[in-house]
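Note that ligands are numbered from 1 as they come in the structure, with each ligand's atoms numbered from 1 the same way. The basis for the numbers below is simple: all heavy atoms, side chains too, and nothing from hydrogens, waters or symmetry mates.
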Amino acid sequence: MAEIVLSGIRATGKLHLGNLLGAVENFVKFQQALAGNTCLYFIADLHTLTTLNDPEELRGNLVEITKDYIAAGLDPERSIIYAQSSVPEISELSLYLSMLQPLGDLQRIPTFKYLVRKQPDNVTLGLITYPVLMAADILGPQATLVPVGEDQVPNVELAQALARKFNAKYGQTFALPDMMAQMIRVPGLDGAKMGKSEADNAIDINAPMGDILDRYLKKGVTDPQRIRATDPGDPYNRCESVYAVHELVTVGETEHREIANACMAGTISCRACKHKLVESLANILEPFQEARAALANRDDYVKDVLHEGGKKARARIVETVAAVRDKMGIVLY
Ligand code: ADP
Ligand code: TRP
């Protein structure tokens with residue numbers, strides 16, 4: 001069966017290494033592996049409004065993330081790349097779906113509970129309906145496969161439940177989307193999950209390699225029990241910020257095993273290990289940054305990609321929304 005793959009990222013800021021390895025590189029793999037299938041990748045600018053209220057920043061992030069998508073290998077000829085807001089019918093579908101969605105389930109979603117704690121003065125209707133808008137993103141283009149990070153699992157389950165509920169009530173309308181939960185978790189400089197948060201633990205994928213090295217040297221937390229370079233370390237259990245990234249980016253099983261063995265034997269210093277890590281990162285980031293630099297002055301091209309992608313996505317979504325309106329008894333006079 002031909003798959004319709006769909007995923008998105010919010011436009012909250014610059015992309016970091018976690019976003020690249022955990023999300024965008026995966027998007028590229030689907031684009032390459034699934035010849036004959038359709039990939040839709042969007043920037044969830046409407047969802048961004050739940051936490052960001054700086055219009056200039058939002059507009060800027062949208063274009064920058066689109067450049068990151070393209071530089072990482074998403075090809076506008078092969079994937080549909082668009083902004084969520086370019087398809088107003090997504091918001092309309094979200095409203096229809098909200099009529100089938102009990103409030104209680106939304107109050108129990110972990111990301112909602114987390115944000116209630118984090119931004120108690122900004123608990124809006126938009127925040128609580130976040131997963132319903134996400135269901136509209138997924139169900140509108142009849143997605144069959146949704147690759148997402150672990151934290152998004154409850155949201156995709158809610159979309160699946162809404163599809164089942166709608167189909168049961170109004171007849172077959174939506175494809176049931178399969179989820180593909182991403183297993184990799186890229187740790188940040190402090191060893192916790194890399195994120196755009198206050199922890200300042202992220203590696204900006206567009207930073208010069210020298211700055212990335214500096215950040216690892218100064219802020220990368222390694223095995224706290226290694227006082228001297230000759231002390232034996234425990235890379236597997238006590239070096240979340242550096243060794244765990246080696247495992248993800250250092251090519252070849254033998255090479256990172258050698259590094260682990262040297263750490264355990266106390267024959268490589270943490271400093272040397274960080275240098276090696278940044279060399280491995282350079283193999284991934286330098287080609288990316290080169291492609292990214294070529295887009296630096298091509299905002300018109302990037303906006304054109306979003307415009308064309310928006311038209312293609314919209315053509316698919318309007319069909320679904322027309323069927324939904326019809327089934328629910330809404331007539332556009
Ligand atoms: P952040 O956590 O920095 O706010 P988002 O929540 O906007 O990032 O995530 C965008 C995408 O990147 C999601 O698919 C998410 O699963 C993925 N992602 C974010 N951080 C990581 C990480 N540290 N490791 C792996 N994937 C990540
Ligand atoms: N909520 C997702 C995130 O924070 C982004 C997103 C919005 C999404 N709509 C989506 C992901 C639909 C997959 C499918 O990462």
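Backbone and side-chain nitrogen or oxygen atoms of Gly22 are examined, and none is located within less than 3.5 angstrom of a nitrogen or oxygen of ligand 1. Between Val186 and ligand 1, at least one pair of N/O atoms sits closer than 3.5 Å. Between Asp137 and ligand 2, an N or O atom pair is found at a separation short of 3.5 Å.
Every heavy atom of Val148 sits 4.0 Å or more from the atoms of ligand 1. Between Arg10 and ligand 1 there is no heavy-atom distance shorter than 4.0 Å.
In this structure, atom 2 (O) of ligand 1 lies nearest to the protein heavy atom Gly195 CA, 4.0 Å. Of the protein's non-hydrogen atoms, Lys196 NZ, 3.4 Å is the one closest to atom 4 (O) of ligand 1. Closest protein heavy atom to atom 27 (C) of ligand 1: Gly18 O, 3.4 Å. For atom 21 (C) of ligand 1, the closest heavy atom belonging to the protein is Lys193 CE, 3.6 Å. The nearest protein atom to atom 13 (C) of ligand 1, hydrogens excluded, is given as Ala23 CB, 4.3 Å; this is a heavy-atom distance. Nearest non-hydrogen protein atom to atom 6 (O) of ligand 1 is Asp151 OD2, 4.3 Å. Nearest protein neighbour of atom 5 (C) of ligand 2, counting heavy atoms only, is Gly8 O, 3.5 Å. Residue, atom and distance of the protein heavy atom nearest to atom 2 (C) of ligand 2 are Gln152 OE1, 3.3 Å. The single protein non-hydrogen atom nearest to atom 15 (C) of ligand 1 is Gly149 CA, 4.5 Å, given as residue, atom name and distance.
Considering OG of Ser79 and CZ of Phe30, their distance stands at 11.5 Å, rounded to 0.5 Å. We find the CG-CG distance between Asp45 and Leu58 to be 6.0 Å, quoted to the nearest 0.5 Å. Interatomic distance, Ile138 CD1 to Leu133 CG, rounded to the nearest 0.5 Å: 10.0 Å.
Heavy-atom contacts of Val148 reach the following atoms of ligand 2: 11 (C), 13 (C) (cutoff under 4.0 Å). Ligand 2 places these atoms under 4.0 Å from at least one heavy atom of His47: 7 (C), 9 (N). Proximity to Tyr130 (heavy-atom distance under 4.0 Å) selects the following atoms of ligand 2: 1 (N), 2 (C), 3 (C), 4 (O). Those atoms of ligand 2 that come under 4.0 Å of a heavy atom in Ser7, given as number and element, are 13 (C). Within ligand 1, the atoms closer than 4.0 Å to a non-hydrogen atom of Met194 are 20 (N), 21 (C), 22 (C), 23 (N), numbered from 1 in the order shown.
Only the side chain of His16 comes within 4.0 Å of ligand 1, counting heavy atoms alone; its backbone N, CA, C and O stay farther away.
Using a cut-off of 4.0 Å between Lys/Arg side-chain N and Asp/Glu carboxylate O, Glu89 and Arg316 are scored as not salt-bridged. Comment: Asp75 engages Arg78 in a salt bridge, judged by a side-chain N to carboxylate O separation of less than 4.0 angstrom. At a threshold of 4.0 Å, the pair Lys276-Glu279 does not count as salt-bridged, since none of the basic side-chain nitrogens sits closer than that to a carboxylate oxygen. Between Glu319 and Arg314, no side-chain nitrogen of the basic residue sits less than 4.0 Å from a carboxylate oxygen of the acidic one, so the salt-bridge criterion is not met. The pair Arg185-Glu240 counts as a salt bridge, with a side-chain nitrogen and a carboxylate oxygen less than 4.0 angstrom apart.
In this structure the side chain of Thr250 never reaches within 4.5 angstrom of the side chain of Glu258, judged on heavy atoms. Between Leu52 and Arg10 the shortest side-chain heavy-atom distance does not fall below 4.5 Å. Between Asn37 and Val5 there is no side-chain heavy-atom pair separated by less than 4.5 Å.
Closest approach of Thr222 to Cys270, counting heavy atoms only: OG1-SG, 3.4 Å.
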Worked verdict on Lys312 versus Tyr82 for side chain to side chain contact (heavy atoms under 4.5 Å, CB included): CA-CA 9 Å; Lys312 285 187 208 157; Tyr82 59 107; over 6 Å; no
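Nearest to atom 11 (C) of ligand 1 by heavy-atom distance, out of Ile184, Leu17, Asn19, is Asn19.
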